[in-house]
Amino acid sequence: MTADRLDRTFFSRDTLAVARDLLGKRLVRLLAEGQRLSGIIVETEAYVGETDRACHAARGRTPRNAVMYEKAGLAYVYLIYGIHHCLNAVTEQEGFPAAVLIRALEPQEGLAKMREFRSGQPDRILTSGPGRLCQALAIDRTFNGSDLCISPDLYVEEGDAPAGIVTDTRIGISADETARERLWRFCVAGNLYVSRPPRNRGTKVE
DNA sequence: TATACGATCACCT
DNA sequence: GGTGATCGTATAC
């Protein structure tokens, strides 16, 4: 059950590689009372640098996106639509703004607590979506800038690479066509907890 | 200071 | 398939 935590060398690589390789890994959240919540990462998206028009850093550094410019392995958590939180892992070298958005998990530990945080929503959508998984794991902006390589209560553990990976366009972005066409969304093939079925634009088997 | 809007979700028809 | 919620942030005035 206890596995090694992913270290900074893992996150310091090319963002697309990190997004792909995070599939199958375990996101762990330890609550104050010591309870462990976790889920296998089954869907991610890559946001890469100021030239990526869909990236929050597309218009340069601001107070909100500053964490994206810091060292790999930090958590970038922001509030969207005034309601939901989204969790990202910062990637690449310090000074280059890039991150991987964690979009869905397959719940593993602490299901009862997650159901409580999710107000009794069906298990099927317990952690299926970036806002939902943050609610299920009690992740909010207080984690923005926290270090996934060091933090005692939020980190990623080693896990088995999935048998199949499917790529697709990123969800919910309203940037230019080039950004919309990029296949920078990564999903575990056939997994029930992926937030929206991939349209099978690109298929990879690893 | 004012305003428009977003890497979403739940609930409605 | 459509839409309102809700507020921090970026940008314009």
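Predicted model only: the values in this text are computed from it and were never measured. Per chain, numbering begins at 1; letters A, B, ... match sequence-line order.
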Within 45° of the ring axis of A/F186 and under 6.0 Å from its six-membered ring centre, is that where the NZ or CZ of A/R20 lies?
no
Can you tell me the distance, in whole Å, between the [atom1] atom of [X] and the [atom2] atom of [N]?
X      : N     : atom1 : atom2 : result
A/R59  : B/dG6 : CZ    : C1'   : 11 Å
A/Q135 : C/dA5 : CD    : C1'   : 14 Å
A/I80  : C/dA5 : CD1   : C1'   : 13 Å
A/H56  : B/dT8 : NE2   : C1'   : 12 Å
A/R182 : B/dA7 : CZ    : P     : 17 Å
A/I125 : B/dT8 : CD1   : P     : 15 Å
A/L126 : B/dC9 : CG    : P     : 13 Å
A/R61  : C/dT9 : CZ    : C1'   : 16 Å

Listed nucleotide nearest any side-chain atom of [X], set [options]:
X      : options               : value
A/R141 : C/dG8, C/dA10, B/dG6  : C/dG8
A/P130 : C/dT11, B/dT8, C/dG8  : B/dT8
A/I173 : B/dA10, B/dA7, C/dG8  : B/dA7
A/T62  : C/dT11, C/dA10, B/dA7 : C/dA10
A/L79  : C/dC7, B/dG6, C/dT9   : C/dC7
A/Y81  : B/dG6, B/dA10, C/dA10 : B/dG6

So, does [X] get its side chain near the phosphate of [N], meaning an N or O under 4.0 Å from OP1 or OP2?
X      : N      : answer
A/R132 : B/dA10 : yes
A/R196 : B/dT8  : no
A/Q121 : B/dC11 : yes

Mind listing the closest non-hydrogen atom pair of [X] and [Y] along with its distance?
X      : Y      : answer
A/L30  : A/P152 : CD1-O, 3.4 Å
A/K71  : A/V90  : O-CG1, 3.5 Å
A/D14  : A/L16  : OD2-N, 3.1 Å
A/K113 : A/L31  : CG-CD1, 3.7 Å

Decide if the gap between the ring center of A/H56 and the ring center of A/Y78 is smaller than 6.0 angstrom.
yes
Among residues 82-107 of chain A, which residues get a heavy atom nearer than 4.0 Å to DNA chain C?
A/G82, A/I83
Whenever both distances are under 3.5 Å in a Watson-Crick or G-U wobble pair, mark it; put DNA chain C into dot-bracket that way, with [ ] for crossing pairs and | when the partner is on another strand.
|||||.||||||.
When you measure from the side chain of A/D176 to the backbone of A/A179, do you find a donor-acceptor pair of N or O atoms at a distance under 3.5 Å?
yes
Between A/R8 (side chain only) and A/A72 (backbone N and O only), is there a donor and an acceptor less than 3.5 Å apart?
yes
Supply the atom-to-atom distance A/R170 CZ to A/C55 SG, rounded to the nearest 0.5 angstrom.
8.0 Å
Is A/Q93 atom CD crowded by more than 12 heavy atoms from other residues, nucleotides or ligands, each under 6.0 Å away?
yes
What interatomic distance, in whole Å, is found between P of B/dA7 and the corresponding atom of C/dG1?
22 Å
Using centres under 5.5 Å plus planes under 30 degrees as the test, is A/Y78 stacked with C/dG8?
no
Checking all strands, does A/R170 fall into the base, sugar-phosphate, or nothing category for heavy-atom contacts under 4.0 angstrom?
nothing
Under 4.0 Å, counting only non-hydrogen atoms across every strand here, what does A/R180 touch: a base, just sugar-phosphate, or nothing?
nothing
Hits for side-chain hydrogen bond (donor to acceptor under 3.5 Å, both in side chains) against A/R185, two or more places apart or cross-chain, chain-then-number order -> A/E43, A/D168
